[in-house]
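Please read through the structure below; I'll follow up with questions.
Residue numbers count from 1 along this sequence. The model shown is predicted, which means the values in this text are computed figures rather than measured ones.
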Amino acid sequence: MSKVGPTINKLATGVGGLDEVLGGGLPEYSFNLVAGAPGAGKTTLVHQLMFANASPERPAIYFTVLGEPALKMLRYQQQLTFFDADKIGAAIRFIDLSPIVVDGDLGKVLEAIIAEVNASHPAMVVVDSFRAVVREHRHRSEQGLDLQTFLQRLALHLTSWQATTFLVGEYQEDEIKDNPVFTIADGILWLSQNRDRNSIVRKLQVMKMRGTAPMPGLHTFRLGVDGAQVFPRIQSRLASDRRKLARDRLTIGVAELDQMMGGGIPAGDATLVSGPSGTGKTVLCTQFVSEGVKNGERAVLALFEEHPQDYVDRARELGFNLAEMVAAGDLRVVYLRTLDLSADEILQEIQQAVAEVGARRLVIDSLNGFEIALAPTFREDFQESLYRMVTGLSGGGVTILMTVEVAESFQHLSFSPHTISFLSQNIVFLRFIELEGRLEKVLVIVKMRRSAYHSEMRRYTITSHGLVLGEALAGYEGILTGVPKVRTEAQLAGDRREQRLLPGLVERETTVLERLRRAGEATAQTLAAAGGLTTDEATSALARLEALGLAVRADGRDGGLYRPKL
C-alpha cells in the first residue's frame, strides 16, 4: 500500500504557460532563485507573479537592493497590463534598502529584512537584486557580516519563513556548483537570451523545483505589454473523440479527388500538398476550407507567406467568399509572417485559434514560410519543430492540409524538402509536365496510410471555380520526370488485359482480391489483417468484388469464407 504524503499547495503564477512548465504552479512557501543576465526579464517575471497573488489578506514585500529605485521601477512596470495601482501600499509594499547597503554593514541589511517580515507576516517576499550586494562588497569584509555569510543567512531565513520567497540576481552558470545558495533554494528559474546572427531568443529553464515535476528543457518566452509569456516546449494535445475520428472522412472539395482518396481524407490525418510554385496548392487549400465550412466543419487558415487580404481577394476571384466565413465565425485566419518565432509560439497561436473556433480543419500555407518565420536557432531543428507542431494538432483530431513548395526539376524527383514527408499520413503531389509542346499540370496521390486510393496520374486545370481534375494519362510513361513518353502498343495491350481482369477497382479492392487469390479462400477478418485494412473496409471491398463477379462466398451464405472467381 503506497504512502500518501501531505499535499503541497501550488500558486498560479499569472504568467501564461509557466504553470504548465512548473507542473501545475509554484509550490507555496518555497524559496526560489530567479537568475539570469541583465535584461533577461527577471524583474518583470517576479512582478507579474507577485501582482497575480498579492492581496490585503496575503500581502507581499518587495525589497530593492542597489537596483532600480522603486519609483523608477514602477514607472515602467505600470505600462504593463498586469500592473494594478490599487495594490500598491496595501497588498504590495516596496522597500528600498539601498541606503543601508551603501553604509556597508550587511548585518544591518539582514536585520532590516527580518524586521520588516516579522512585522507584517507577508505571504510573499522578494529581494531584488541581491547580486548588486555582491558587486558592492566584493572586496569588503571589515564591517559586520562577510558577504558569503550574509547570503547564506538571508537564504536560510527566506527558507524558514511561512512565505513564498524569491531572490532575484545575476549569475554565471559556472557559479552553480560552488555557491551554497543554489543548494538551499527549493526552486531555480534560469532566464537567458540567446543570440544567433541578428536574432535574439529568450529562454527559460526550470533547473530545480522541489515538490513538483517540472517540464524538462528550454522553453521560449517573450516580454510584451502583458508581461512575460512562456511557450512550453511540450504542448498538450487538444481533446478529441478518437472513436468517431476512426470512421470519419473529410471531403476535400474536389469530387474526383475525393473519389481517388477512397472517399476523402481520413479525419485527424495530416496531408502534404507538394509541388512547385504555380501548381495550385493554395487553390486546393481554399477549396478544402470552403468545403468544410459548407459541411458545418469550422476551419483555421494559418498563413506564413501571403497577406490575409490578398489571400481573401484571390479566393473571391475563384468564387469562395472567405471574408463571409470569417464574419460568421466559421473561419479564423492567423497571419504568422513575423520573423524570429519559435515553433512553440507558432503552435500555441494556431492551437488557441483551433480551440476558440472549434475547428476540425486546419490549413498551413506554407511550410516554407513556416521555416522562414522561425528564429535561426530553431531552423536548425526544423524537423523536430514541425514534428511537435503536427503531432500536437493532428493528435487532437484536427485534419491538416499543409503546402510545401519544391523546386521543379526534370532530373530529380522530390516530394518535400528537409525529408519532412514522413510527418504526414498522406501526400498529394502536383507538378508541371511538358506534353505535346504544352505545359500541363498533373496530380498524383503518392501516399495514403490506412486507406485505399487510386494512384493514377490525372491532368488538372485551375479554373474560375477552382481546381478541376481531368482524364488520367494512361498512354504515357515517365510522367513524373516532367517529360513523359508515349507508351507502346504492347504496353497498352497489357494495361487493357489488366483492366478487363480488374474492372474499375480502387486500390483497396485490388489489395483484397490479390490477398484472396493468394489464400484461395479467406474471411473478411483475415483479409483485413493481411492487407492492413479494417474489417468493415475488407467486407465492403468483398461486396464490390462479389458484385463484379470476381469473388464468391465459399459456403453460399452471408458472411463466412470467400473464394476468388476468375
Side-chain angles (χ1 to χ4, degrees), residues 6-36 40-65 67 70 73-74 76-95 113 116-130 154-155 157-169 185-191 204 206 208-215 219 221 223-230 232:
T7 301
I8 297 177
N9 186 40
K10 294 183 180 180
L11 304 177
T13 62
V15 179
L18 184 54
D19 289 350
E20 188 176 351
V21 169
L22 291 173
L26 187 73
E28 191 176 24
Y29 306 139
S30 58
F31 161 46
N32 304 281
L33 180 63
V34 182
K42 303 182 297 295
T43 297
T44 298
L45 183 74
V46 175
H47 273 216
Q48 193 169 346
L49 196 151
M50 182 175 60
F51 273 94
N53 286 276
S55 66
E57 296 76 27
R58 296 179 57 79
I61 297 180
Y62 197 104
F63 294 102
T64 57
V65 185
M73 185 187 298
L74 293 175
Y76 290 107
Q77 294 295 330
Q78 67 183 337
Q79 307 301 315
L80 304 178
T81 57
F82 66 75
F83 183 86
D84 185 352
D86 294 337
K87 289 191 174 185
I88 304 299
I92 300 174
R93 292 173 57 219
F94 287 86
I95 301 174
I113 294 175
E116 288 288 351
V117 171
N118 289 337
S120 58
H121 301 289
M124 187 172 291
V125 178
V126 180
V127 181
D128 181 10
S129 157
F130 75 91
L154 175 60
H157 279 287
L158 290 172
T159 301
S160 63
W161 286 323
Q162 288 292 296
T164 307
T165 58
F166 299 87
L167 286 182
V168 182
D186 299 311
I188 301 174
L189 301 181
W190 197 280
L191 280 59
L204 177 146
V206 183
K208 178 182 179 182
M209 190 59 63
R210 290 178 179 144
T212 187
M215 191 180 293
H219 308 276
F221 77 98
L223 297 179
V225 68
D226 295 322
Q229 170 72 41
V230 179

Stepwise side chain to side chain contact (heavy atoms under 4.5 Å, CB included) check, Asp226 with Leu80: CA-CA 6 Å; Asp226 295 322; Leu80 304 178; over 6 Å; no
Minimum-distance pair of heavy atoms, taken over all atoms of Pro56 and Pro59: O-CD, 3.8 Å
Donor-acceptor contact below 3.5 Å, side chain Lys42 vs main chain Gly36: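 Yes, because the side chain of Lys42 sits within donor-acceptor range (under 3.5 Å) of the backbone of Gly36.
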Gap separating the OG1 atom of Thr44 from the CD atom of Gln77, nearest 0.5 angstrom: 4.5 Å
Residues in salt bridge (Lys or Arg N to Asp or Glu O under 4.0 Å) contact with Asp186, at least two apart in sequence or another chain: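 Result, salt bridge (Lys or Arg N to Asp or Glu O under 4.0 Å) vs Asp186: Arg210.
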Nearest-0.5 Å distance that lies between atom CG in Asp84 and atom CE in Met50: 11.5 Å
Intermediate values then yes/no, side chain to side chain contact (heavy atoms under 4.5 Å, CB included), Ile88 and Phe94: CA-CA 8 Å; Ile88 304 299; Phe94 287 86; 3.7 Å; yes
Interatomic distance, Leu167 atom CG to Asp128 atom CG [nearest 0.5 angstrom]: 9.5 Å
Leu158 vs Leu154 side-chain heavy atoms within contact, under 4.5 Å: yes
Closest heavy-atom pair and its distance - Ala91, Ala54: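 That would be O-CB, 3.7 Å.
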4.5 Å side-chain heavy-atom contact, Leu26 and Met209: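 In short, these two side chains touch, coming nearer than 4.5 Å.
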Pairwise side-chain contact, Leu49 with Val126, heavy-atom cut-off 4.5 Å (strictly under): no
Sub-4.5 Å side-chain heavy-atom contact between Leu22 and Lys10: no
Audit row: Asn32, Thr164, side chain to side chain contact (heavy atoms under 4.5 Å, CB included) steps and yes/no: CA-CA 8 Å; Asn32 304 281; Thr164 307; 4.0 Å; yes
Leu18 CG to Phe221 CZ distance, which is reported to the nearest 0.5 Å: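 One gets 10.0 Å once the value is rounded to the nearest 0.5 Å.
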Exam field: side chain Gln48 to backbone Gly14, donor-acceptor pair closer than 3.5 Å: yes
Tyr29 side, atom OH; Thr159 side, atom OG1 - distance, nearest 0.5 Å: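 With rounding to 0.5 Å, OH (Tyr29) is 15.0 Å from OG1 (Thr159).
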Closest non-hydrogen atom pair, Leu33 against Ala185: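 Distance-wise, the nearest heavy atoms are CB-CB, 4.3 Å.
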Leu45 to Ala228 - nearest heavy-atom pair and separation: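 Heavy-atom minimum between the residues: CD1-CB, 4.0 Å.
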For Phe82, all residues meeting ring-ring contact (aromatic ring centres under 6.0 Å, His included), sequence neighbours excluded: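 Partners of Phe82 by the ring-ring contact (aromatic ring centres under 6.0 Å, His included) criterion, ordered by chain and then number, come out as Phe51.
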Atom pair CG/CG of Leu11 and Asn53 - distance to nearest 0.5 Å: 5.0 Å
Audit row: Leu189, Phe166, side chain to side chain contact (heavy atoms under 4.5 Å, CB included) steps and yes/no: CA-CA 10 Å; Leu189 301 181; Phe166 299 87; 5.7 Å; no
Main-chain N/O of Thr13 paired with Asp19 side-chain donor or acceptor, under 3.5 Å: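 Checking the backbone N and O of Thr13 against the side chain of Asp19, a donor-acceptor pair under 3.5 Å is found.
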Glu20 versus Pro232, closest heavy-atom pair with distance: OE1-CG, 3.6 Å
Minimum-distance pair of heavy atoms, taken over all atoms of Pro214 and Val206: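 Scanning both residues, the minimum pair turns out to be CB-CG1, 3.7 Å.
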